[in-house]
S.K.: 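Below are the structure tokens for one structure; questions will follow.
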Protein chains: 2
Amino acid sequence: MSSTQALRPVERSVQDQLAANGVRFTGGRRAVLGVLQVADGPRSAAELQQALAGDVPVSSLYRTLTILEDCGIVVPHHGLRGVTRYELAEWIRGHHHHLVCTNCGAVDDIELDEDTEEGLSKLVAAVAENAGLTPEGHTLEIEGRCRRC
Amino acid sequence: MSSTQALRPVERSVQDQLAANGVRFTGGRRAVLGVLQVADGPRSAAELQQALAGDVPVSSLYRTLTILEDCGIVVPHHGLRGVTRYELAEWIRGHHHHLVCTNCGAVDDIELDEDTEEGLSKLVAAVAENAGLTPEGHTLEIEGRCRRC
DNA sequence: TTCCTTGCAAACGATTTGCATTGGA
DNA sequence: TCCAATGCAAATCGTTTGCAAGGAA
């Protein structure tokens, strides 16, 4: 079957982005992308491996993640205990922030309402200018105990 | 000589805090504290080792950092490539945020003015409550190219 | 003397890399 | 066919831990 035909818009954009870098959109990469698309927060290589039924070697996972990061499809998030978790880039997933559990390290996405986010952006711009630096982005993390902890 | 007499206020508080945990304020711990006091951003174990002239074993450094963290003297910051950097806790260093260079990974401290910080705190409280989580803290990171990059 | 602290080396967990094989355009 | 992609195993890197020696109260 022609997988090109069945592509959803996001996958189409990703495929284009990969193609622009001379990289193929293979089954393994598609699978990782699929998990990240339905995830409610960043995922580590180990978590991805589990989500993918466990028969994917870690080396391939890390290579996939590195490629996707280089192509601007995913971004890394460095959380508790040196574990790196990945999530879809902002142009795919939208801008958002994180709730980080200080106990178990779980990370959940949150979106701020428009007014709040606009206020935050202005704040960031002002502070960055003050520091003589061009802001490329910002991250707000709120720390606390998640419901399970 | 009596080192107790020469203690600056910060060191006095730290000593008290350590004593409350049944922990001594030894030379090694004093040295690490000294480096962090003059640092303009979080420092990793490797960076501390270099700053300390290199003759301190890493295991001791990590143990020192763990102890200081347990006693609430320093807090960890997880940055690029899974490296953990430590900085003095807020009650010593004051509440602040970070400028992170997207190119070289350097982290600089920044302080927001009072109004801005108050606005941010309210925002955090509102968002956290909305998410059913008690906020214990927040981190705002502004990303961009630092002056050198 | 009694613990706390330190040093050294081995152990660990996350991530990376070399190399041979597989697979798609 | 040709080069990217994958699997496996070994290597690396940051960090942790067991154990014996050193030190302060």
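What you see below is based on every heavy atom in this structure, not just the backbone, and it leaves out hydrogens, waters and symmetry mates.
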S.K.: So A:Thr84, base contact, sugar-phosphate only, or nothing? Heavy-atom distance under 4.0 Å.
M.R.: sugar-phosphate
S.K.: Let me know the distance between CG of B:Leu52 and P of C:dG7, rounded to the nearest Å.
M.R.: 11 Å
S.K.: How close or far is atom P of D:dG14 from atom CZ of B:Arg43, stated in whole angstroms?
M.R.: 17 Å
S.K.: Using the test salt bridge (Lys or Arg N to Asp or Glu O under 4.0 Å), find all partners of B:Asp70 that sit at least two apart in sequence or belong to another chain.
M.R.: none
S.K.: Treating A:Asp113 as the side-chain partner and A:Asp115 as the backbone partner, does any N or O pair qualify as donor plus acceptor under 3.5 Å?
M.R.: yes
S.K.: Taking atom C1' of C:dT16 as reference, at what distance in whole Å does atom CG of A:Asp70 sit?
M.R.: 14 Å
S.K.: Between B:Glu90 and B:His95, do the side chains contain an N or O donor and an N or O acceptor separated by less than 3.5 Å?
M.R.: yes
S.K.: A:Leu65 has an atom CG; how far is it from atom P of D:dA5, in whole Å?
M.R.: 14 Å
S.K.: Without decimals, in angstroms, what is the distance between B:Tyr62 OH and C:dT5 C1'?
M.R.: 19 Å
S.K.: Could you pull out the closest heavy-atom pair between A:Leu18 and A:Cys71, with the gap in Å?
M.R.: CD2-SG, 3.7 Å
S.K.: Between A:Glu87 and A:Arg43, is the closest basic N to carboxylate O distance under 4.0 Å?
M.R.: no
S.K.: Does B:Leu33 share a hydrophobic cluster with B:Val58, counting links as ILVMFWY side-chain heavy atoms below 4.5 Å and allowing steps through other members?
M.R.: no
S.K.: How does protein contact run along nucleotides 18-25 of chain C, one letter per nucleotide 5' to 3', with B for base contact, S for sugar-phosphate only, - for none, heavy atoms under 4.0 Å?
M.R.: B----B--
S.K.: How long is the line joining CG of A:Leu68 and P of D:dT6, in whole Å?
M.R.: 10 Å
S.K.: Which listed nucleotide (C:dT6, C:dT15, D:dG7) is nearest to the side chain of A:Pro57?
M.R.: D:dG7
S.K.: In whole angstrom, what separates A:Asp55's CG from D:dT6's C1'?
M.R.: 13 Å
S.K.: Which nucleotide in the list C:dT16, C:dT6, D:dT6 gets nearest to the side chain of A:Thr66?
M.R.: C:dT16
S.K.: Hey, which sits more toward the 5' end of DNA chain C by its nearest nucleotide, A:Ala46 or B:Ser60?
M.R.: B:Ser60
S.K.: When the ring centroid of A:His138 is compared with that of B:His98, is the distance short of 6.0 Å?
M.R.: no
S.K.: Rounded to whole Å, how long is the line connecting atom CD1 of B:Ile67 with atom C1' of C:dC3?
M.R.: 13 Å
